[in-house]
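First the structure, in the form of structure tokens, and then the observations on it.
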There are 2 protein chains.
Amino acid sequence: MAIGTRRRTSGQISGESIVIEAAWMYHHDGLNQNEIARLLQVSRATIVNYLQEAKERGFIRISLAPEAFTSHQLAQDLRKKFNLQAAFVLPHGIGTDDEALMRVARGAAEWLPSLLNMNDRLGVAWGRTTYEVAEAIEQTNISGLTVSQLIGSMATPYGFTAEICSANMAQNLGASCINLHAPAVLSNPEIAAQLRNEPIIKAQLDALSHCNKTIFAAGSCTPNSHIVSSGVATVEEVNWYIEQGAKGVLCGRFIDGQGRQITGELDERIIAVTLDKLQGLDMGMLVSEGADKVVPMLAAIAGGYVTHIVTSNKTAQLMLDHTGS
Amino acid sequence: MAIGTRRRTSGQISGESIVIEAAWMYHHDGLNQNEIARLLQVSRATIVNYLQEAKERGFIRISLAPEAFTSHQLAQDLRKKFNLQAAFVLPHGIGTDDEALMRVARGAAEWLPSLLNMNDRLGVAWGRTTYEVAEAIEQTNISGLTVSQLIGSMATPYGFTAEICSANMAQNLGASCINLHAPAVLSNPEIAAQLRNEPIIKAQLDALSHCNKTIFAAGSCTPNSHIVSSGVATVEEVNWYIEQGAKGVLCGRFIDGQGRQITGELDERIIAVTLDKLQGLDMGMLVSEGADKVVPMLAAIAGGYVTHIVTSNKTAQLMLDHTGS
DNA sequence: TCCCATTTTTGACAATTGTCAGTATATAGT
DNA sequence: ACTATATACTGACAATTGTCAAAAATGGGA
């Protein structure tokens with residue numbers, strides 16, 4: 001058998017089988033490379049190559065068990081204090097805040113597939129965090145899953161759009177994707193209303209109403225935050241919302257400290273899901289990280305949009321320590 | 001932050017967080033132990049300890065991607081020839097047949113959880129193979145899953161019973177378990193009939209009828225096979241069934257080359273699911289390995305009990321080469 | 001406060017794994 | 001049949017990881 005699968009003497013087909021064989025022996029049988037080399041009658045260096053090929057081709061999957069991040073004290077505390085189904089708390093690490101955000105995104109990417117079932121309809125928001133989560137998801141295949149884009153697209157300096165967020169996520173989850181083929185913000189309420197009534201857009205917005213799970217980030221609500229730099233709102237508009245008591249941004253909508261939507265002129269011009277559709281779903285996964293996100297996150301939780309949370313231990317601690325405004 | 005999570009200066013809680021941190025840095029960030037040691041300000045040997053602790057506590061999961069075993073030529077050929085949903089073909093390896101069986105069992109254990117959805121009802125057969133599969137499943141949690149025992153128990157020289165097979169599997173899948181609290185074989189048909197009518201047993205047998213997925217092995221049908229040594233049937237009984245054209249054994253029932261059940265006196269005395277309940281389900285996973293299992297496996301497939309198959313490349317090749325009886 | 005049992009960490013050494021330039025084998029083109 | 005080119009493999013050396021006995025730190029009792 002071993003000789004029959006020698007690579008040199010074979011085509012491509014059994015050629016890959018010896019790679020799998022080596023990977024199995026190494027990772028399951030716990031043999032070391034010398035033993036495997038002897039058994040398969042090749043040099044040890046070749047085994048190194050086989051193992052690398054197995055890694056590159058994605059045959060070998062290394063993941064950290066979700067329990068490690070949901071079971072420790074900080075995660076439990078979060079879960080209890082905010083009445084969540086589960087909290088996933090990653091080490092913040094010693095790096096920059098940006099590195100911590102990447103960690104949180106990768107953590108969410110690893111956790112998300114295990115929370116999805118066949119035939120779920122997942123709504124996906126837009127933002128740096130969401131984009132990184134989508135990118136970091138490893139290829140899986142959840143049968144019958146549908147991914148929907150919760151907010152229209154913006155041309156941004158960041159180089160990723162809401163469409164790319166949802167499309168990437170759908171791609172990596174093996175899901176079908178419903179995009180919103182519309183800009184997020186229009187210049188006046190009338191054209192926005194017209195667009196919402198276009199059959200194509202109407203159908204897409206309708207599909208959003210039937211999402212049973214969502215993933216989103218909490219946006220901070222300050223004149224120098226993402227909502228302004230991405231061009232969704234002007235500084236004046238944001239200041240107006242702040243005056244009305246806005247504490248955070250969710251899918252392009254402003255919310256107060258209790259998570260209630262604050263409606264203003266801007267809301268008439270936005271093409272996005274309405275917040276009432278996001279309350280009380282089977283799952284609402286809030287993925288955010290950073291001191292500036294604490295208040296928006298608490299607001300989102302208060303509004304009943306959140307059942308699962310992914311953040312770092314640093315941010316989690318700030319959330320627990322936060323004394324209600 | 002790093003200093004705050006130092007182990008020496010803390011209780012147990014943040015003590016485990018540094019273990020997770022090290023594991024994350026190593027496996028996700030791709031740092032080596034020296035870099036991690038420097039960043040966390042401990043010696044490299046300590047990092048080794050942390051990583052081992054993470055491994056032991058199951059924080060780190062290494063698995064081989066199912067695609068590696070379902071996508072290559074042999075698996076595709078099996079799938080097409082026998083009209084299966086999927087085939088999972090593992091390397092037989094250079095070891096003994098017993099080692100190959102263990103591999104196949106572990107392969108099935110790794111594949112099974114990804115084929116189960118919430119609220120499934122999984123029927124579990126009995127045998128060495130089934131036992132090893134159950135043992136090898138890593139702890140997961142499939143919500144609402146129910147595991148049912150397809151055949152009553154036997155006291156065997158092997159030290160495992162049908163109850164242990166299903167209980168272990170349920171345990172490791174985080175499922176609830178319906179056991180059949182009855183012996184597999186009784187001394188006469190009358191007492192078997194009485195037992196089947198006992199309310200408790202009746203309810204349990206009834207539950208079996210509602211399984212939508214099953215996992216089982218094909219038993220060979222010869223005087224020196226498992227079915228005799230386990231005490232289910234005598235040599236005389238097996239010989240009688242062979243004369244009637246029996247080619248294999250499934251859940252204690254004899255089947256011919258087309259997978260049709262051959263009924264005899266013994267069937268009256270057995271407490272087990274009836275084979276018609278196992279046909280055309282959402283999933284029927286056949287896990288078997290060895291040259292002597294080829295004919296029984298083909299019979300089981302012909303009978304429509306099988307949608308998924310797990311075996312070795314050696315056995316798979318024999319199945320493909322087999323020229324009809 | 002000091003001491004002792006236990007746990008955690010460490011440094012030095014051993015074993016394993018990764019790299020890379022060079023060699024062997026297969027494949028395609030004339 | 002004979003090169004040219006690409007692909008797969010190997011040996012020697014470098015880097016990383018694992019082991020283990022000894023040292024440091026912890027946490028209770030006297």
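Since the structure is predicted, the reported quantities are computational estimates derived from the model, not experimental observations. So you know, we letter chains A, B, ... as the sequences are listed, proteins then strands, and number each from 1.
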key: Presence of B:Ser43 side-chain N/O under 4.0 Å of C:dT10 phosphate oxygens OP1/OP2   = yes
Between its two end axes (five pairs each) the helix from C:dT1-D:dA30 to C:dT30-D:dA1 turns, nearest 10 degrees, through 20°
The reported gap from CD1 in B:Ile62 to CD in B:Glu138 (rounded to nearest 0.5 angstrom) is 10.0 Å
- [ ] May I ask you to decide whether A:Arg61 forms a salt bridge with B:Glu67, counting only side-chain N to carboxylate O separations under 4.0 Å?
- [x] yes
CG (B:Leu90) and NE2 (A:His28) are apart, to the nearest 0.5 Å, by 8.5 Å
B:Glu53 CD to C:dT8 C1', in whole Å, measures 11 Å
In short, salt bridge (Lys or Arg N to Asp or Glu O under 4.0 Å) pairs touching residues 27-39 of chain A with sequence neighbours left out are A:Asp29-B:Arg103, A:Asp29-B:Arg106
Here the salt bridge (Lys or Arg N to Asp or Glu O under 4.0 Å) pairs for residues 167-177 of chain A, sequence neighbours left out, are none
Contacts of A:Phe88 meeting ring pair (Phe, Tyr, Trp, His ring centres under 6.0 Å) (sequence neighbours excluded), chain-then-number -> A:Phe69, A:Trp111
| With a 4.5 Å heavy-atom cut-off, do A:Ile215 and A:His308 have their side chains touching? | no
Quick tally for nucleotides 12-18 of chain D: nucleotides whose base has a protein heavy atom under 4.0 Å get B, sugar-phosphate-only ones S, the rest -, giving ----SBB
A:Gln139 meets the side-chain hydrogen bond (donor to acceptor under 3.5 Å, both in side chains) criterion, sequence neighbours left out, with none
Original post:
Any side-chain N or O of A:Tyr50 less than 4.0 Å from the OP1 or OP2 oxygen of D:dA8?
Top reply: no
